[in-house]
Amino acid sequence: MQAVLDYLKRNQARFVAELCDYLRFPSVSAQPQHKKDMRACAGWLVNHCRHIGLDARLCPTAGHPIVVAKTPRLAAPKRSEGGKPHFMIYGHYDVQPPEPLELWKTPPFAPRIVGRSIYARGSMDNKGQNFAHLKAVEAYLQTGTPLPCDLTFVLEGEEEVGSVSLAKFLKTHRAELRCDAVVVSDTDIPSPKHPALTYSLRGIIAFEITVRGPARDLHSGIFGGSVENPAMALARLLAQLRDAGGRVTIPGFYDDVAPLSAYERKQFARLPIKDCDLQKLLGVKKLFGERGFTPTEQRSARPTFEINGLTSGYQGEGSKTIVPAWARAKITCRLVPNQRPAKIRELVCRHIKKICPPTVRLEIEAGHGAEAYLVSPRSREAQAALRALEAAFGCPPVLMREGGSIPIVNDFKKILGADSLLLGLGLPDGNAHSPNEKFNLDCFAKGQAMSAHLWQELSRT
Ligand code: BES
Ligand code: ZN
């Protein structure tokens, strides 16, 4: 084990240079013009995995390819079936669109190191985090240190767009991927002094609402005042969906939400995040959220209704006097444990239809959806993960819930029967999904050490 840790220490500079190579691919899964870049990034990963000693292959899908890489000589598929324990490491090489580009201090796909941070789209979400695991496994393979378990990396290219192909892939490759647990580093920790095991993620439902008025944009002087303005109708409709206390007004929305226990609320209160720091970090004038809950509770354990995008009418320079023909909103709701996506989707649609004025035509298009995730932080695997975190970070880890979603972890449970250990390496100021995304190089190094310790801890019988 010491040989592994020494190897990691010795090779940090090279690891950072390699991570820069990985970050140069504009692997934006949502944008069709990047299809070739997605393929190129996956190809680079396969080569890199082979180079460090893994058996790797590229698996084409109807969407973007999946990279599967295993430690050599995988024996029986699962500990319970007489083999070594088998763990999956899941990550994604796709990234969010980098726009708006003008807000980046340097181009999103030209990685830049400033102090202890590496700036690039995807540096934290998620290339830097999955690369830390690859480097830990490289250290075992290249120092000839025996691994106490078999490992399979599954690196997909559609996490940011709903993981549709991977969900199918899990079903067709169930036997090969059966494992004792899945390790996912795709969440945040409060600070490098507070490594964390995340035991819950929020779920999500997505949809688009379009409100249509006149058959074409109209002269607002000639016709304005005699027809409903779709932008105004949509604004009024959306504004009714949340009250002044931050509560969603859709009937039944909160019916299934499990109340937070006093114990959990106490644990939340101990997390080292102050309201004033959060306010500063986010650049808001004042924090706002559901009354009766702290910001930590609001953003990790309470459901939300958010407008992600709002479009209508003329967006160019100067003015254009029209009544627009249509208005559209992109919406997501974050869900918490116990809320069923299909039911909430139905409640939301029914309510919107009910309150939509008769003067406009309403279209609701359903998008992706996923349940929330909740796993016991007391399991044997969770305890092993906590030991690995402490060994690598040198301070006691915290337990937390996170507000983001990783829909595929539900499929890991349903299809493979495996729980996910959420061992994030991101920091709250990492600008995930925002301009100037960055990944902390200390978290990168500590993440590698955490991964190295983790295989020992998880494999202890
Ligand atoms: N890494 C995030 C998820 C995340 C971030 C969870 C921080 C917890 C804390 C992931 O890449 C992501 O952005 N997921 C999407 C999923 C959606 C597209 C279905 C999300 O949460 O918006
Ligand atoms: Zn993301």
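The shown structure was predicted, so the numbers you read here are calculated from the model rather than taken from an experiment. For ligands, and for the atoms within them, numbers begin at 1 and follow the listed sequence.
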Under a 4.0 angstrom heavy-atom cut-off, which atoms of ligand 1 come close to E402?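 Checking each atom against E402, I get 8 (C), 9 (C).
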Any side-chain donor near an acceptor of the partner, N431 and N436, under 3.5 Å: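 Checked: N431/N436 side chains show no N/O donor-acceptor pair below 3.5 Å.
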Compute the minimum heavy-atom distance from H92 to ligand 1 and say whether it is under 4.0 Å. yes
Distance from [atom] to nearest protein heavy atom, with residue and atom:
atom	value
atom 10 (C) of ligand 1	E159 OE2, 3.1 Å
atom 6 (C) of ligand 1	G404 CA, 3.5 Å
atom 18 (C) of ligand 1	E160 O, 3.6 Å

Between the main-chain N or O of [Y] and the side-chain N or O of [X], is there a donor-acceptor pair closer than 3.5 Å?
X	Y	result
S27	Y93	yes
H51	N47	no
D411	A167	no
S163	P407	no

Which distance, rounded to the nearest 0.5 Å, do you find between the CZ of R121 and the CG of L23? 11.5 Å
In Å, rounded to the nearest 0.5 Å, how long is the span from OG of S123 to CG of N126?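 Nearest 0.5 Å value for the OG-CG distance: 10.5 Å.
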If I apply the N/O under 3.5 Å rule, does [X] come out as touching ligand 1?
X	answer
S405	yes
D188	no
D186	yes

Are the ring centres of Y22 and H48 closer than 6.0 Å?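 Ring centres of H48 and Y22 not closer than 6.0 Å.
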Report the relative orientation of the aromatic rings in H92 and Y90; use parallel for angles under 30°, tilted for 30 to 60°, perpendicular for over 60°. tilted
When you draw lines from the Zn ion (ligand 2) to OD2 of D125 and to OE1 of E160, what angle lies between them, to the nearest 10°?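 Vertex the Zn ion (ligand 2), arms to OD2 of D125 and OE1 of E160: 150°.
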Nearest heavy atom to atom 8 (C) of ligand 1 wins, so pick from T187, I406, I205.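 Closest candidate by heavy-atom distance is T187.
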Atom 22 (O) of ligand 1: of R334, R299, M124, Q96, the nearest heavy atom sits on R334
Using a 4.0 Å heavy-atom cut-off, which part of [X] comes near ligand 1: side chain, backbone, both, or neither?
X	answer
P407	side chain
Q129	neither
H368	side chain

For a distance under 2.8 Å, tell me if H433 has an N/O/S atom near the Zn ion (ligand 2).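 Of the N, O and S atoms in H433, at least one lies under 2.8 Å from the Zn ion (ligand 2), which means yes.
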Are D277 and K280 ion-paired here, with the side-chain N under 4.0 Å from a carboxylate O? no
